[in-house]
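Heads up: the structure comes next, in structure tokens.
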Amino acid sequence: MTERFAGKIALVTGGGSGIGRNTARALAAEGATVIVAGRNRAALEEAGGIPMVADVSVEQDVAALLDAIGEKFGRLDVAVNNAGVFGGGMPLAEMPSPEWDRLVATNLTGVYLAMKHEIGLMRPTGGTIVNVASNIGAHGRRPGLGAYAATKAAVSALTRNTALEYIRDGIRINAVSPGPADTTMSLFPGETADDRAARLAVGLPIGRVGSLDEITSAVLWLASPESAFTVGHDLVIDGGATA
Ligand SMILES: NC(=O)c1ccc[n+]([C@@H]2O[C@H](COP(=O)([O-])OP(=O)(O)OC[C@H]3O[C@@H](n4cnc5c(N)ncnc54)[C@H](OP(=O)(O)O)[C@@H]3O)[C@@H](O)[C@H]2O)c1
């Protein structure tokens with residue numbers, strides 16, 4: 001096992017479950033000290049790593065999170081802005097404004113706030129940031145998911161632009177856009193994770209959903225020096241769905 005992150009301090013938002021938890025564990029397995037942030041302390045404690053409760057849609061929380069990391073470690077080398085919520089599932093004119101606001105607040109404002117405060121802490125020593133967008137942001141084949149798709153497309157756009165603003169400061173920013181992955185996000189009522197995987201697999205050229213490790217390995221590559229010349233890229237990992 002290589003240790004690409006030995007001695008590094010890493011933050012994973014939404015680290016209490018799914019892609020975030022798997023990423024946090026993989027970073028730790030490669031030597032990083034990992035802070036996992038989310039709203040649910042019990043889930044964070046179970047995930048391993050150093051749990052810090054924060055709602056990414058609330059600037060006070062995000063500022064306090066990065067202040068606490070700064071005080072404890074004096075630096076931040078890697079940030080994976082993965083916290084996100086799924087929702088909508090209805091045509092635009094039927095979507096209540098609070099649902100729109102909830103999606104934008106976490107999926108887009110949450111990434112803006114995280115990067116804003118991470119960059120402040122990374123500036124003296126440099127670092128890498130990986131934002132978790134979605135392949136849904138790149139196409140219109142999921143009617144009813146326009147709001148979710150718009151937040152994720154915005155994350156990709158924000159990634160490209162912010163990457164160019166900070167690359168000369170030694171802060172390298174990229175994104176991943178997973179397709180359906182093997183998590184419990186977007187379960188239908190009464191559906192199991194296996195049912196969900198089978199339902200989503202039908203529409204995918206590869207014929208199955210992505211494993212957590214298939215998403216995480218791309219995140220770790222973008223966060224590591226192996227991808228040092230990759231800047232402002234949005235890496236699609238979706239079994240061919242947007243090919
Ligand atoms: N699974 C997929 O098929 C798929 C595909 C493409 C993209 N993605 C993206 O991948 C990311 C991870 O999703 P996942 O599939 O692993 O689902 P998940 O298990 O539901 O993970 C989402 C995480 O975000 C946290 N979170 C939500 N709102 C938050 C907030 N306001 N502040 C802090 N943390 C918050 C949740 O924890 P708490 O609720 O406890 O705070 C949870 O741990 C998301 O950005 C999602 O949009 C997923």
Side-chain angles (χ1 to χ4, degrees), residues 11-26 35-49 51-66 79-88 101-114 117 130-139 142 145 147-156 158-159 175-188 191 193 196-201 203-204 206 208-216 218-219 234-239 241-242:
L11 165 66
V12 181
T13 70
S17 62
I19 293 169
R21 181 173 62 191
N22 202 60
T23 300
R25 288 178 176 171
I35 297 102
V36 284
R39 295 170 300 179
N40 178 340
R41 177 169 287 282
L44 296 173
E45 280 171 358
E46 207 179 298
M52 292 194 185
V53 173
D55 182 332
V56 296
S57 68
V58 177
E59 182 153 23
Q60 233 181 339
D61 278 22
V62 178
L65 170 68
L66 273 300
V80 181
N81 296 321
N82 159 82
V85 286
F86 193 78
D101 292 342
R102 184 182 74 91
L103 289 164
V104 172
T106 296
N107 295 356
L108 177 55
T109 306
V111 172
Y112 150 68
L113 291 174
H117 292 278
V130 182
N131 295 321
V132 180
S134 169
N135 76 334
I136 291 179
H139 62 71
R142 299 287 297 278
L145 294 181
Y148 176 79
T151 64
K152 292 300 188 176
V155 168
S156 302
L158 192 63
T159 298
V176 293
S177 275
D182 192 12
T183 75
T184 55
M185 178 169 262
S186 76
L187 279 185
F188 286 167
E191 196 178 40
R196 172 187 177 275
R199 166 173 58 83
L200 292 170
L204 291 170
I206 200 170
R208 62 172 178 81
V209 299
S211 73
L212 291 180
D213 286 346
E214 286 167 332
I215 310 302
T216 289
V219 173
D234 181 7
L235 180 53
V236 175
I237 316 152
D238 69 356
T242 48

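The basis for the numbers below is simple: all heavy atoms, side chains too, and nothing from hydrogens, waters or symmetry mates. In listed order, ligands and their atoms are each counted from 1. Each residue takes its place number in the sequence, starting with 1.
For atom 7 (C) of ligand 1, the nearest non-hydrogen atom from the set Pro180, Ala133, Gly38, Gly210 comes from Ala133. Nearest-residue assignment for atom 30 (C) of ligand 1 (options Arg39, Arg21, Arg102; heavy-atom criterion): Arg39. Heavy-atom proximity to atom 5 (C) of ligand 1, evaluated over Gly179, Ser17, Ala181, is greatest for Gly179.
Listed by atom number, the atoms of ligand 1 under 4.0 Å from Thr183 heavy atoms are 1 (N), 14 (P), 15 (O), 16 (O). Those atoms of ligand 1 that come under 4.0 Å of a heavy atom in Val132, given as number and element, are 9 (C), 10 (O), 11 (C). Residue-ligand proximity, Ile19 to ligand 1, at heavy-atom distances under 4.0 Å covers atoms 10 (O), 16 (O), 48 (C). Under a 4.0 Å criterion applied to the non-hydrogen atoms of Ser134, ligand 1 contributes the atoms 6 (C), 7 (C). Close approach of ligand 1 to Val85 is summarised as follows: ligand atoms under 4.0 Å from at least one heavy atom of the residue are 27 (C), 28 (N). Near Asp55, the atoms of ligand 1 lying under 4.0 angstrom from a non-hydrogen atom of the residue are 30 (C), 31 (N), 32 (N). The Gly14 neighbourhood of ligand 1 comprises atoms 23 (C), 24 (O), 25 (C), 43 (O), with distances under 4.0 Å to a heavy atom of that residue.
More than 12 heavy atoms of other residues, nucleotides or ligands sit less than 6.0 Å from atom CD of Glu45.
Here the side chain of Asn107 pairs a donor or acceptor atom with the backbone of Val85 at under 3.5 angstrom. For the pair Asn135 (side chain) and Val236 (backbone), a donor-acceptor distance under 3.5 Å is absent. Using a distance-only test at 3.5 Å, with no hydrogens or angles considered, a donor-acceptor pair links the side chain of Arg25 to the main chain of Ala47. Formation of a donor-acceptor pair under 3.5 Å by the Asp61 side chain with backbone atoms of Asp55 is found in this model. Although no hydrogens or angles enter the test, the distance criterion places a donor-acceptor pair under 3.5 Å between the side chain of Thr13 and the main chain of Ala83. For the pair Arg196 (side chain) and Thr183 (backbone), a donor-acceptor distance under 3.5 Å is present.
Of the heavy atoms in Asn40, both backbone and side-chain atoms come closer than 4.0 Å to ligand 1. By the criterion of a heavy-atom distance under 4.0 Å, the backbone of Ala54, and not its side chain, is placed next to ligand 1. With a 4.0 Å heavy-atom cut-off, ligand 1 is reached by the side chain of Tyr148 but not by its N, CA, C or O.
Considering backbone and side-chain N/O atoms, Gly20 never comes within less than 3.5 Å of an N/O atom of ligand 1. Residue Thr184 places no N or O, backbone or side chain, under 3.5 Å from any N or O of ligand 1. Backbone and side-chain nitrogen or oxygen atoms of Arg196 are examined, and one is located within less than 3.5 angstrom of a nitrogen or oxygen of ligand 1.
Residues Thr23 and Thr216 bring a donor and an acceptor atom of their side chains to less than 3.5 Å of each other.
Nearest protein heavy-atom contact of atom 6 (C) of ligand 1 is Pro178 O, 3.2 Å.
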